[in-house]
Amino acid sequence: MNRRRSPVFGASVVVAALLAGGAPSHAQDSPDRPAAAPRDAAAEVQTPRQVPVSRPEQRQSEHDRSDVFNPPDGAPLSPAFRNQPDNGRVLGFDFARDPLNAKEPMQTFEETMRADVAARAKVMQTQRGLLASRYDLTPRLDPEARMSRGKPLPVGPTARLARGVDWDALAEMPPEQIRERGIFPYPSLPHPKQATGGQVFPQMQIDMFPRLERFDVEFDLPEAFLPEFPPATFLQNRPELGDVSRGEVVSINNFHRLFKGILTPVQLDGLRLLVTPFPQEEFNATDDRKSAQPSLGVACFDCHVNGHTTGQFHLNPDDRPQERRFRLDTTSLRGLFNQQIHGSKRSLRSVEDFTEFEFRTAYFNGDPIHAMKKGFTIFDRIHVSHMAQLQNMLDFPPTPKLNVEGRLDPAKATEQELRGEAIFFGKGRCAGCHEPPAYLDHQMHDLHLERFLDEPGDGPIKTFTLRGIKDSPPYMHDGRCLTLEDTVEFFNLVLALKLNGQEKADLVAFMRQL
């Protein structure tokens with residue numbers, strides 16, 4: 001088996017051409033979008049420059065261009081191997097040598113990339129067809145309600161119902177009937193490419209940071225249903241400053257300029273680590289990567305942008321085998337200081353443990369063997385504590401209509417918002433899991449969705465905070481509910497609440513004030 005390996009640079013040029021011609025672009029033209037993004041320091045440091053060949057040592061010799069460096073062509077230690085099985089060679093799969101999910105031993109990166117690029121359009125056509133069959137993806141935006149930096153809120157529900165069924169009729173059906181007819185409107189939302197999985201970034205973020213683009217898969221949800229980019233950043237140690245992001249995406253390029261007079265030295269060092277890229281399952285320097293060029297990796301704040309989220313998703317690291325792992329949206333780090341458990345299912349009991357385990361789980365899809373190959377990152381407890389101290393500074397958005405106990409101030413709230421609060425703490429049974437003032441109960445709950453679906457269910461998942469919830473679409477752990485209205489419809493069915501249309505609208509109005 002003799003394979004000539006082509007240079008990665010040449011393969012990258014081919015992939016760039018293929019992507020330019022065959023992959024759809026979803027960036028939206030906007031007068032507010034800068035014509036040229038500032039240089040990304042993380043990309044600059046890993047991008048070699050082409051220089052003239054002017055020195056003898058730069059010129060490649062026949063030896064340099066030969067096949068002698070190919071593993072199959074290497075000389076064996078002893079001629080005695082000719083009498084051993086397979087001539088003493090490993091002819092089958094070798095994880096350290098072969099790309100993850102390679103179709104045959106000694107498959108090259110270039111072969112993997114060509115196959116992935118060729119399949120990408122079909123992969124995304126299938127995913128977008130699935131989404132279009134489940135949702136009305138034409139954005140309907142609230143004329144007044146806004147996220148913290150001014151992005152309009154999407155309005156739902158967006159889920160498509162079965163022919164001849166409306167929300168009221170569906171709410172009257174028992175779970176068994178809904179399951180038998182296959183008409184539950186919120187089944188699990190799958191990753192576009194389950195076998196590969198991994199982190200996928202929205203196009204608006206890739207526009208600014210091209211190093212985050214994958215050649216095998218694209219983001220699948222329209223931008224209107226995602227959080228702001230950049231999102232606001234609030235600090236619980238400096239509440240008087242309000243949003244400290246100043247409309248910038250916090251990165252290795254600007255973190256020191258933005259925060260040198262606001263954070264302590266320990267917190268600033270923690271932020272430095274949170275904006276530093278480290279090897280990740282799909283973004284690394286090995287043949288397993290899904291970026292055209294070798295990558296330093298992904299920074300914590302590439303996913304938790306500005307300490308929040310922009311709807312990036314991957315597969316959760318907690319379930320095995322691969323086909324049982326579910327899509328997991330990046331959750332916000334706002335209010336992390338007030339949470340007693342971390343991780344959707346892992347029940348980690350400190351921010352330090354959560355930070356440390358992210359590099360063993362989400363970064364490497366739950367497999368430390370992958371981390372060993374792609375760049376095993378081990379932080380000592382001092383660095384972990386610095387990262388945790390910064391995360392503990394991240395706060396929720398201001399809530400001008402809530403009092404110090406997290407309840408509506410009747411003098412500031414509208415009648416509809418007050419009605420919604422009464423439903424939240426009464427008929428809607430929301431407060432059973434989402435207790436003020438942080439609107440979570442530090443517990444895990446199993447909704448047993450298998451009652452409604454021909455799916456195995458998700459098992460216990462932790463309660464996520466509802467503070468600042470208007471800034472965090474889509475909803476549920478996998479983003480299956482695109483709007484707050486969808487989320488209300490979901491729980492109206494799952495908990496058999498029997499809410500009417502006005503009660504649902506009132507409940508949404510209240511949650512927008514949290």
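At least one donor-acceptor pair under 3.5 Å links the side chain of Asp98 to the backbone N or O of Met106. In this structure a side-chain-to-backbone donor-acceptor pair under 3.5 Å is missing from Thr487 to Cys481. Side-chain N or O atoms of His304 include one that pairs as donor or acceptor with a backbone N or O of Thr331 at under 3.5 Å. Formation of a donor-acceptor pair under 3.5 Å by the His314 side chain with backbone atoms of Val200 is not found in this model. Within the 3.5 Å criterion, the main-chain N or O of Ser54 finds a donor-acceptor partner in the side chain of Gln58. Not one N or O on the side chain of Gln391 forms a donor-acceptor pair closer than 3.5 Å with the backbone of Glu352. A donor-acceptor pair is defined here as one N or O able to donate and one able to accept, closer than 3.5 Å; such a pair exists between the side chain of Thr309 and the backbone of Thr330. With Arg272 contributing its side chain and Gln267 its backbone, the two residues share no donor-acceptor pair below 3.5 Å. A side-chain donor-acceptor contact under 3.5 Å links Arg65 to the backbone of Gln60.
Annotation: the span from Cys300 atom SG to Met387 atom CE amounts to 4.0 Å, rounded to 0.5 Å. Atom-to-atom distance recorded for Thr286:OG1 and Phe109:CZ is 9.0 Å, nearest 0.5 angstrom. Note that OG1 of Thr465 and CZ of Arg334 are 11.0 Å apart. Values are rounded to the nearest 0.5 Å. Of the inter-residue distances, the one linking Phe376 atom CZ with Phe278 atom CZ reads 13.5 Å to the nearest 0.5 angstrom. In this structure, SG on Cys303 lies 8.0 Å from CG on Leu212, to the nearest 0.5 angstrom. Atom CG of Leu273 and atom NE2 of His383 lie 5.5 Å apart (nearest 0.5 Å).
Minimum heavy-atom separation, Phe219 to Gln312: CE1-CA, 4.2 Å. Shown here for Leu189 and Gly479, the closest heavy-atom pair between the two residues is CD2-O, 3.7 Å. Contact between Gly311 and Pro227 at its shortest, heavy atoms only, is N-CD, 3.9 Å. Pairing each heavy atom of Phe337 with each of Asn392, the nearest pair is CA-OD1, 3.3 Å. Of all heavy-atom pairs spanning Leu315 and Arg325, the tightest one is O-NH2, 3.6 Å. The two atoms that bring Ser133 and Arg160 nearest to each other are O-CD, 3.5 Å, heavy atoms only.
Only one option out of His442, Gln443, Gln339, His445 pairs with Lys462 in a side-chain hydrogen bond (donor to acceptor under 3.5 Å, both in side chains); it is Gln339.
There is no side-chain donor-acceptor pair under 3.5 Å between Asp136 and Thr158. Counting only N and O atoms by type, the side chains of Tyr186 and Asp486 include a donor and acceptor under 3.5 Å apart. There is a side-chain donor-acceptor pair under 3.5 Å between Thr112 and Gln107. Checked by atom type, the side-chain pair Thr310/Gln205 shows no donor-acceptor distance below 3.5 Å. A donor atom on one side chain and an acceptor atom on the other are found under 3.5 Å apart for Glu111 and Thr108. For the 3.5 Å distance criterion, the side chains of Asn284 and Gln280 fail to qualify, holding no donor opposite an acceptor.
Salt-bridge annotation for Glu218 and Arg128: present, with a side-chain N of the basic residue lying under 4.0 Å from a carboxylate O of the acidic one. Salt-bridge check for Asp116 with Lys193: passed, with a basic side-chain N closer than 4.0 Å to an acidic carboxylate O. Between Asp302 and Arg211 there is a salt bridge, since at least one side-chain N of the basic residue sits less than 4.0 Å from a carboxylate O of the acidic one. Residues Lys151 and Asp471 are not paired through a salt bridge, judged by the lack of any N-O separation under 4.0 Å between the basic side chain and the carboxylate. Ion pair Glu213/Arg289 not flagged as a salt bridge, since none of the NZ, NE, NH1 or NH2 atoms sits closer than 4.0 Å to an Asp/Glu carboxylate oxygen. Salt bridge absent: Asp94 and Arg89 never bring a charged side-chain N and a carboxylate O closer than 4.0 Å. A salt bridge links Asp458 with Arg480: at least one charged nitrogen is closer than 4.0 Å to a carboxylate oxygen. Remark: Glu455 does not engage Arg179 in a salt bridge, criterion side-chain N to carboxylate O under 4.0 Å.
Put simply, the side chain of Leu482 reaches to within 4.5 Å of the side chain of Pro474, judged on heavy atoms. Side-chain contact between Phe201 and Gln199 is present, with heavy atoms from C-beta onward closer than 4.5 Å.
The number of heavy atoms from other shown groups lying within 6.0 Å of CD (Glu180) does not exceed 12. Other residues, nucleotides and ligands contribute only 12 or fewer heavy atoms inside 6.0 Å of the CZ atom of Arg82. By the neighbour-count criterion of 12 heavy atoms within 6.0 Å, atom CG of Asp454 is sparsely surrounded, having that number or fewer from other residues, nucleotides or ligands.
Within the cation-pi definition used here (under 6.0 Å to the ring centroid, within 45° of the axis), Arg327 qualifies as a partner of Phe313. The side-chain tip of Lys290 does not point at the ring of Phe283 from less than 6.0 angstrom away and within 45° of straight on.
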> Would Ser251 and Asp40 satisfy side chain to side chain contact (heavy atoms under 4.5 Å, CB included), going step by step from the backbone distance to the final call?
Replying inline: CA-CA 9 Å; Ser251 69; Asp40 176 13; 5.5 Å; no

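You'll find the ring centres of His477 and Phe464 outside the 6.0 Å limit.
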